[in-house]
Enquirer: 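Shown below is the structure under consideration.
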Amino acid sequence: MKKIFLMMMTTGALCAGCCDKERERAEFDYNVEKFADLGVLRYQVTDWDSLSAQQKAYIYCLQEAALYGRDILFDQNNRYNLAIRRTLEAIYANYKGDTATDDYKAFEVYTKRVWFSNGIHHHYGEEKFLPEFSEQFFTNAVCDINPALLPTRSGQSVDDFLAEILPVMFDPGVMTKKVNQDPNVDVIVASANNYYGDGVTEKEVEAYYNALKNPKDLSPVAYGLNSRLVKKDGKLVEEVYKVGGLYSAALEKVVYWLNEAQKYAENEAQKRATAALIAFYNTGSLKTYDEYAIAWVQDTESLVDYVNGFTESYGDALGIKASWEAMVNFKDIRLTKSVKILSENAQWFEDHSPVAQQFKKEKVKGISAKAITAAILGGDCFPTTPIGINLPNSNWIRKEYGSKSVTVTNITDAYDKAAAGSGFADEFVCCPKEKELMREYGSVTDNLHTSMHECLGHASGQLLPGVDPDALKIYGSTWEESRADLFALYYIADPKVVELGLLPNQDAYKAEYYKYMMNGLMTQLSRIEEGKSIEEAHMRNRALIAHWALEHGKAENVVELAQENGKTVVVIHDYTKLRDLFGQLLAEVQRVKSTGDFKAAQNLVETYAVKVDPTLHAEVLARYKKLNIAPYKGFVNPVYEAVKDKDGNITDVKVSYTEGYAEQHLRYSKDYSDLPTYND
Ligand code: ZN
């Protein structure tokens with residue numbers, strides 16, 4: 001629940017002190033390709049050459065471990081994803097027909113979308129996207145290739161295979177949503193993800209996991225995190241993700257490369273954490289997982305670090321099951337400095353927040369914050385990826401051992417560079433003053449907001465004794481993101497931030513305020529299809545904050561949705577009062593979280609964060625279309641090549657940036673694809 005994604009197109013302004021890097025990168029091509037509503041970018045692994053041979057070898061092994069989990073995520077997202085992806089890839093590689101037809105072009109787009117979304121459902125909107133080629137075209141293409149190349153079940157005829165997968169691909173009524181959050185339906189039955197077996201209901205899941213929880217346990221494991229819950233002979237049983245269990249073939253490879261990485265580890269702390277992770281994959285024990293999380297959070301000195309595991313639970317409507325993800329990274333020494341200042345002052349921020357005393361942490365412990373350079377993205381961090389991460393997710397571990405918080409600077413950088421010159425600011429930003437502020441301070445406030453969200457926001461506040469951390473249920477993720485965002489919004493305008501040297505003056509924060517309101521009220525609607533409402537937790541959180549502030553500032557005309565030359569624009573009349581409103585909402589959001597006030601959370605989210613004004617929505621979509629900007633972005637990874645001596649030791653690693661999007665996915669599906677097609 002602790003991930004932050006890119007908020008919107010940034011203006012392309014450069015942060016201070018980046019000019020050298022700038023010249024260095026002038027030749028780098030950040031934009032790879034565009035299809036449907038998706039844009040593929042490339043990121044650069046800044047300062048790769050500053051690493052030692054040992055560090056490079058370490059990263060090499062870890063990135064292999066990061067790539068081997070890709071199939072797991074496909075299968076978690078939907079049990080037909082691997083069958084469909086492998087069929088598409090078989091056609092892609094063996095198609096003998098005319099590639100200039102509309103059907104074939106639509107086939108290519110669909111295949112690229114399946115790679116991008118790690119399955120047949122939109123990675124962000126969660127709804128199934130339908131092929132724009134005909135069922136007949138697909139059937140012919142399948143029948144034209146050698147049946148041995150198709151991922152049929154054993155003994156299954158091609159006809160039976162088609163009968164099984166055609167409705168999954170083409171019928172809009174089948175497996176419609178990956179995650180369904182509609183409070184009026186059974187969210188487990190109505191979700192097409194693969195975390196629960198056939199016939200398992202929401203009530204049964206809640207009863208099953210509630211029975212495992214002991215309210216007196218002060219260090220509870222994350223029950224259900226690494227398993228699929230299925231019904232066997234009428235009884236619920238967990239199929240655990242582990243070596244020898246579910247997803248074994250992929251996890252064996254992950255474990256192999258984690259073991260290889262141990263040869264090149266920088267220090268004992270790193271080795272200890274990796275050893276615990278390996279033990280977790282081998283046993284599936286959630287106690288061991290917590291031991292790993294503690295060892296990992298205690299390793300703050302290493303230059304290289306990584307995430308590899310079943311981590312975030314956005315993909316499960318009840319937030320119990322975690323998707324597999326990976327990111328390997330190393331410290332961005334230059335930018336870590338400013339993040340460090342925040343973390344050193346964490347207690348001051350906690351003490352001075354507008355939150356009621358009993359909901360504050362007396363001691364904000366061990367917030368370790370840094371800026372990092374991503375070296376590889378895998379699983380649920382690929383191709384779309386967060387720009388900030390705060391882990392581990394376990395509440396008691398965070399309280400006792402702290403958490404690690406990072407902002408991923410080379411990814412933010414790639415977004416900025418790719419967006420420069422898109423015309424976005426000219427189209428949507430209302431006034432010359434705001435345009436100027438965003439050009440000047442857009443990048444620096446964006447990074448600062450992310451850092452504050454991660455290293456102060458998520459770390460702040462406490463639950464009252466006995467309050468269930470899952471009390472807000474389906475509103476939990478939205479609520480947690482709102483809390484972190486509000487903390488950052490409230491403080492980015494504080495004079496303390498200028499005093500600490502994090503912003504150059506007392507006006508800069510307005511760039512972030514303007515951008516946030518414009519995004520929450522308007523521009524993020526570009527990511528939603530006409531007629532749909534807001535589903536994703538981060539989008540809901542931004543809508544919640546922006547609409548609440550608009551509504552509660554009405555009497556004093558703090559913010560306004562105005563008309564300018566026939567276009568809707570956000571106008572902020574009073575930045576100081578807007579900050580007060582953020583402070584008021586922060587106090588309420590923390591109260592609700594601390595006391596587990598489900599009704600209040602439900603009321604605010606359903607009132608402000610879900611519904612979309614259809615007229616404004618249509619306007620935003622039309623204006624966006626004119627700009628021809630893809631609303632969602634994802635990445636192509638760099639390619640690493642190891643140089644080995646005669647004993648097989650890695651002596652150097654070369655990085656290159658020339659691999660294309662389709663090329664990369666086809667290679668991953670060939671070289672890193674050990675899972676069976678059917679894991680049921
Ligand atoms: Zn967050």
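Counting convention: from 1, in listed order, for ligands and their atoms alike.
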Enquirer: For Tyr415 and Phe635, I'd like to know if the aromatic rings sit close, meaning centre-to-centre distance below 6.0 Å.
Expert: yes

Enquirer: Please give the atom name: the N, O or S atom of His458 nearest to the Zn ion (ligand 1).
Expert: NE2

Enquirer: Between Lys496 and Tyr491, is NZ or CZ placed under 6.0 angstrom from the six-membered ring centre and within 45° of the ring axis?
Expert: no

Enquirer: Has His453 got an N, O or S atom lying less than 2.8 Å from the Zn ion (ligand 1)?
Expert: yes

Enquirer: Using the ring of Trp296 (Phe, Tyr or Trp, six-membered ring only), decide whether Lys404 places NZ or CZ under 6.0 Å from its centre and within 45 degrees of its axis.
Expert: yes

Enquirer: Parallel, tilted or perpendicular: which one describes the rings of Phe598 and Tyr475, with boundaries at 30° and 60°?
Expert: tilted

Enquirer: Which atom, counting only N, O or S, brings Glu481 closest to the Zn ion (ligand 1)?
Expert: OE1

